[in-house]
Amino acid sequence: MTATSVTISERAARRIGEILKTEGDGAMLRISVEGGGCSGFSYKFDVDRAKADDDMVIARESAVVLVDPASAPFLAGSEVDFVDDLIGASFRVVNPNATASCGCGTSFSI
């Protein structure tokens, strides 16, 4: 894995594939990092049909994930996982760049 790569766990790929199947042909999951959240930055997950020329594309099985070039450095070396536990089912980003995160796991600081 290179420092700029993002990986998708098998569980996440399976769940992303299920979501994209219901969205129809050409649907992809876009993961981006935005300013805000209780720790400074937050992850955003959207279904997108438009791939920009400079998007990073991560494909695993039927899952296709896009990351824009501004978000890529914040996600470098991360793994996207899908967890289903007592507090609910959600995507979780295991990010080696995050120095702190909030309790909900959707916000982080570097």
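What you see below is based on every heavy atom in this structure, not just the backbone, and it leaves out hydrogens, waters and symmetry mates. By convention here, the first residue in the shown sequence is residue 1.
In this structure, the separation between CG on Asn95 and CZ on Phe74 is 10.0 Å, given to the nearest 0.5 Å. Annotation: the span from Lys44 atom NZ to Ser71 atom OG amounts to 10.0 Å, rounded to 0.5 Å. One distance of note links OG of Ser5 with CD of Glu79; it measures 10.5 Å at 0.5 Å rounding.
Shown here are the side-chain contact (heavy atoms from CB on, under 4.5 Å) partners of Pro73, two or more places apart in sequence or in another chain: there are none. Considering only residues two or more places apart in sequence or on other chains, Asp84 meets the salt bridge (charged side-chain N to carboxylate O under 4.0 Å, His left out) condition with none of them. The salt bridge (charged side-chain N to carboxylate O under 4.0 Å, His left out) check on Arg11 picks up Asp81, with sequence neighbours excluded. Looking at residues two or more places apart in sequence or on another chain, you find no side-chain hydrogen bond (donor to acceptor under 3.5 Å, both in side chains) involving Ser32. Every residue two or more places apart in sequence or in another chain that forms a side-chain contact (heavy atoms from CB on, under 4.5 Å) with Ala50 is listed here: Asp48. Not a single salt bridge (charged side-chain N to carboxylate O under 4.0 Å, His left out) links Lys51 to another residue, sequence neighbours left out. When the side-chain hydrogen bond (donor to acceptor under 3.5 Å, both in side chains) test is applied to Arg49, no partner is found at least two apart in sequence or on another chain.
Taking all atoms of both residues into account, the shortest heavy-atom contact from Pro96 to Ala76 is CG-O, 3.7 Å. Across Asp55 and Pro69, no two heavy atoms sit closer than the pair OD1-CD, 4.2 Å. Residues Asn97 and Leu75 approach most closely at ND2-C, 4.0 Å, considering heavy atoms. Shown here for Ala52 and Arg30, the closest heavy-atom pair between the two residues is N-NH2, 4.3 Å. Nearest approach of Ala89 to Phe82, heavy atoms of both residues: CB-CZ, 3.7 Å.
Hydrophobic clustering (side-chain heavy atoms under 4.5 Å, transitive across Ile, Leu, Val, Met, Phe, Trp, Tyr) groups Ile19 together with Val67. Residues Val33 and Val47 are members of one and the same hydrophobic cluster, defined by side-chain heavy-atom contacts under 4.5 angstrom among Ile, Leu, Val, Met, Phe, Trp and Tyr. Residues Tyr43 and Val83 do not share a hydrophobic cluster, defined by chaining ILVMFWY side chains whose heavy atoms lie under 4.5 Å apart.
Val64 forms part of a hydrophobic cluster together with Met28, Val57, Leu66, judged by ILVMFWY side-chain heavy-atom separations under 4.5 Å.
Residue pairs meeting the side-chain hydrogen bond (donor to acceptor under 3.5 Å, both in side chains) criterion with at least one partner in residues 15-25, sequence neighbours excluded, are Arg15-Glu18. Under the ring-ring contact (aromatic ring centres under 6.0 Å, His included) criterion, the residue pairs touching residues 44-68 are Phe45-Phe91, with sequence neighbours excluded. Within the structure, side-chain hydrogen bond (donor to acceptor under 3.5 Å, both in side chains) pairs that include any residue of residues 56-66 do not occur (at least two apart or interchain).
For the pair Ile16 and Ile8, the minimum side-chain heavy-atom distance is below 4.5 Å.
Each of Val65, Ile58, Asp68 was checked for a side chain to side chain contact (heavy atoms under 4.5 Å, CB included) with Ile31, and the lone residue meeting it is Val65.
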